[in-house]
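I have placed the structure first, in the form of structure tokens, so that the comments after it can refer back to it.
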Protein chains: 2
Amino acid sequence: MRVKEGTKEKDILEAAIKVFAQHSYHGAKMSKIAEIANVSIGTLYLYYVNKEDLLVKVFENLWKKLYVEIESLAMREDLGVTEKLDYLIDLFFDIFSNNPDLATVFVNEQHHVMRNAEVDVMYYHDFMAKAELIILEGIKDKKINPNLNVKVLRFFILGGIKLLLDIWAKEPKLVPLSAIRINVKTVIKKGILN
Amino acid sequence: MRVKEGTKEKDILEAAIKVFAQHSYHGAKMSKIAEIANVSIGTLYLYYVNKEDLLVKVFENLWKKLYVEIESLAMREDLGVTEKLDYLIDLFFDIFSNNPDLATVFVNEQHHVMRNAEVDVMYYHDFMAKAELIILEGIKDKKINPNLNVKVLRFFILGGIKLLLDIWAKEPKLVPLSAIRINVKTVIKKGILN
DNA sequence: GTTATATTTGAATAATGATTCATAAATTTT
DNA sequence: AAAATTTATGAATCATTATTCAAATATAAC
């Protein structure tokens with residue numbers, strides 16, 4: 001039996017990320033994605049049911065990766081809350097550090113996915129729940145200011161990181177990601193830790 | 001001479017904000033905006049050159065208002081940096097507090113405007129410049145940690161506030177804006193002030 | 001109340017681009 | 001090497017909506 005050439009599915013998704021990043025979801029043409037992926041338009045539809053599906057798959061992969069990482073992080077008993085927060089921030093910077101296009105899509109298209117897709121935002125919610133747990137643990141251990149609202153905190157941090165990733169992805173040379181990372185850690189630790 | 005009925009231009013823009021918020025820019029139909037504004041489709045084009053123009057006008061109004069406010073804030077010599085930061089945060093929360101739809105549009109469509117519009121993002125840049133000045137003033141006065149990068153800081157804070165506004169606008173009852181505001185102030189002040 | 005002018009209407013137009021599917025090409029089986 | 005099966009192609013289809021503009025309506029001027 002003939003076997004589909006191994007890399008087409010991946011090629012298409014990578015092309016989609018590139019085109020979504022450059023033109024945003026609605027400006028992205030399926031013909032352009034096909035061109036970048038070096039396949040015909042019809043082939044896109046052999047691997048993905050439609051344009052929306054392409055975007056959804058990008059987010060599914062991403063949140064799943066993030067969730068797997070945070071899960072093993074949350075479990076580690078050798079780390080204190082301070083270290084866990086540290087690694088949590090690293091998680092985001094690491095996953096995007098060699099893929100600015102992915103960062104752009106992540107920042108600018110999530111609201112589209114959340115609005116329209118019926119599908120798996122499961123990992124997203126699971127990730128958020130774990131993040132909350134880490135913060136709650138910190139409050140219980142009296143390491144984090146207990147007057148801070150956990151939900152507010154997690155969204156504030158995520159929002160700050162997202163916008164910084166977006167700025168960085170547009171012009172990676174302007175401010176190096178390493179500088180951003182250090183500043184973020186400083187503000188967060190001084191801001192929320194006792 | 002017949003005079004255009006006074007409120008149509010405003011009615012249309014308010015309807016646009018509502019529809020952009022609910023369906024996002026690309027999902028927003030001109031026919032729906034016309035319906036909400038109680039005018040015909042043709043009338044939209046008497047007051048605005050096209051759909052994009054509607055979105056651009058929303059942002060022009062908004063950033064202009066914000067700029068005017070921050071300008072007079074920056075000038076005040078009776079306030080220290082701590083108070084200025086305080087009022088700066090209030091600025092955002094006040095302007096959106098009775099208009100969640102505007103908050104949604106602000107958060108989710110800015111990247112579309114920045115990407116496509118040739119027009120006045122002038123006030124946006126001016127606003128940012130003023131915000132930077134306030135932070136720099138704080139560093140000079142030894143009130144703000146001088147190791148923090150000014151650009152990183154301003155984007156982090158803006159990003160955090162934006163995501164919180166978005167969450168709040170989706171479900172205003174979930175976390176009251178007043179709680180969000182207090183938490184944000186706490187984190188920022190403890191995080192960046194000496 | 002008739003004419004002139006400004007404003008409003010919404011059906012018709014026109015452009016765009018996602019998706020389909022009949023056909024072709026590649027690979028495997030016999 | 002012919003048949004069978006799977007994978008790939010891209011021109012043609014189809015649906016969607018922003019935008020236009022000839023006609024209608026409202027107001028003002030006389």
Side-chain angles (χ1 to χ4, degrees), chain A residues 1-59 105 108-109 112-113 115-119, chain B residues 1-60 105 108-109 111-113 115-119:
Chain A
M1 202 224 305
R2 190 185 170 194
V3 174
K4 285 183 187 174
E5 197 213 308
T7 70
K8 279 208 175 88
E9 187 170 353
K10 196 158 161 274
D11 290 351
I12 291 169
L13 206 64
E14 278 168 8
I17 290 169
K18 210 171 285 182
V19 179
F20 287 155
Q22 188 162 28
H23 303 279
S24 95
Y25 180 72
H26 279 97
K29 295 176 198 160
M30 293 299 266
S31 56
K32 187 75 185 174
I33 295 173
E35 185 197 321
I36 303 274
N38 262 304
V39 299
S40 71
I41 291 176
T43 300
L44 300 181
Y45 291 89
L46 294 175
Y47 292 88
Y48 299 92
V49 313
N50 55 25
K51 189 177 168 182
E52 177 103 19
D53 185 41
L54 274 167
L55 187 65
V56 166
K57 289 294 191 316
V58 172
F59 278 89
V105 175
N108 292 313
E109 310 301 342
H112 181 92
V113 175
R115 187 187 295 274
N116 300 325
E118 293 302 312
V119 284
Chain B
M1 199 223 310
R2 190 183 169 195
V3 175
K4 284 183 187 174
E5 196 211 308
T7 69
K8 280 207 175 90
E9 187 170 352
K10 196 158 161 273
D11 290 351
I12 291 169
L13 206 64
E14 278 168 9
I17 290 168
K18 210 171 285 183
V19 180
F20 287 155
Q22 188 162 28
H23 303 280
S24 96
Y25 180 73
H26 279 97
K29 294 175 199 158
M30 293 299 266
S31 56
K32 187 75 185 173
I33 294 173
E35 184 197 321
I36 304 274
N38 262 304
V39 298
S40 71
I41 291 176
T43 300
L44 300 181
Y45 290 89
L46 295 175
Y47 292 88
Y48 299 93
V49 312
N50 54 27
K51 188 176 168 182
E52 177 103 18
D53 185 40
L54 274 167
L55 187 64
V56 166
K57 289 294 192 313
V58 172
F59 278 90
E60 273 183 15
V105 175
N108 292 314
E109 311 301 343
H111 73 114
H112 181 92
V113 175
R115 188 187 295 274
N116 300 324
E118 294 302 313
V119 284

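Just so it is clear: chains get the letters A, B, ... in the order the sequence lines come, proteins before strands, and each one is counted from 1. Fair warning: this is a prediction, and the values are worked out from it, not measured in the lab.
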Distance in angstrom units between [X] [atom1] and [N] [atom2], rounded:
X       : N      : atom1 : atom2 : result
A/Glu9  : D/dT7  : CD    : P     : 12 Å
B/Asp53 : D/dA18 : CG    : P     : 15 Å
B/Ile41 : D/dT20 : CD1   : P     : 13 Å
B/Asn50 : D/dT20 : CG    : P     : 8 Å
A/Asn38 : D/dT9  : CG    : C1'   : 14 Å
B/Glu35 : C/dG10 : CD    : C1'   : 14 Å
A/Leu54 : C/dT19 : CG    : P     : 9 Å
A/Leu44 : D/dT7  : CG    : P     : 16 Å

Legend entry - side chain to side chain contact (heavy atoms under 4.5 Å, CB included) between B/Glu35 and B/Lys32, intermediate numbers included: CA-CA 5 Å; B/Glu35 184 197 321; B/Lys32 187 75 185 173; 3.8 Å; yes
Distance below 4.0 Å between [X] side-chain N/O and [N] OP1 or OP2:
X       : N     : result
B/Thr43 : C/dT8 : no
B/Lys8  : C/dT8 : yes
B/Tyr47 : C/dT8 : yes

Legend entry - Non-neighbouring partners of A/Lys57 that pass side chain to side chain contact (heavy atoms under 4.5 Å, CB included), sequence neighbours left out: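 If we apply the side chain to side chain contact (heavy atoms under 4.5 Å, CB included) test to A/Lys57, skipping adjacent residues, the hits are A/Leu13, A/Tyr48, A/Asp53, A/Glu60.
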Inset, instruction - Check every atom of C/dT19, D/dA8, D/dT19 against the side chain of A/Ser40 and return the nucleotide holding the closest atom. - result: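 The listed nucleotide nearest to A/Ser40's side chain is D/dA8.
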Inset, instruction - Identify which nucleotide among D/dT9, C/dT7, C/dT19 has an atom closest to any side-chain atom of A/Lys51, counting heavy atoms from C-beta outward. - result: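 The nucleotide sitting nearest to the side chain is C/dT19.
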Inset, instruction - Return yes if some donor-acceptor pair links the side-chain N/O of A/Lys51 with the main-chain N/O of A/Ala28 below 3.5 Å, else return no. - result: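 Side chain of A/Lys51 to backbone of A/Ala28, a donor-acceptor pair under 3.5 Å: yes, one is there.
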Inset, instruction - For A/Glu109 and A/Leu55, indicate whether the former's side chain and the latter's backbone hold a donor-acceptor pair under 3.5 Å. - result: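 Here the side-chain-to-backbone pair does not exist.
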Inset, instruction - To the nearest 0.5 Å, tell me how far B/Asn38 CG sits from B/Thr43 OG1. - result: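 It is 11.0 Å, given to the nearest 0.5 Å.
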Inset, instruction - State the CG-CG distance between B/Asn108 and A/Asn108, to the nearest 0.5 angstrom. - result: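 Interatomic distance, B/Asn108 CG to A/Asn108 CG, rounded to 0.5 Å: 9.5 Å.
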Legend entry - Candidate pair B/Val19 and B/Gln22, rule side chain to side chain contact (heavy atoms under 4.5 Å, CB included), full reasoning: CA-CA 5 Å; B/Val19 180; B/Gln22 188 162 28; 5.8 Å; no
Inset, instruction - Name every residue in residues 12-33 of chain B that has at least one heavy atom under 4.0 Å from any atom of DNA chain C, in order of residue number, or write none if there are no such residues. - result: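 By residue number: none to list.
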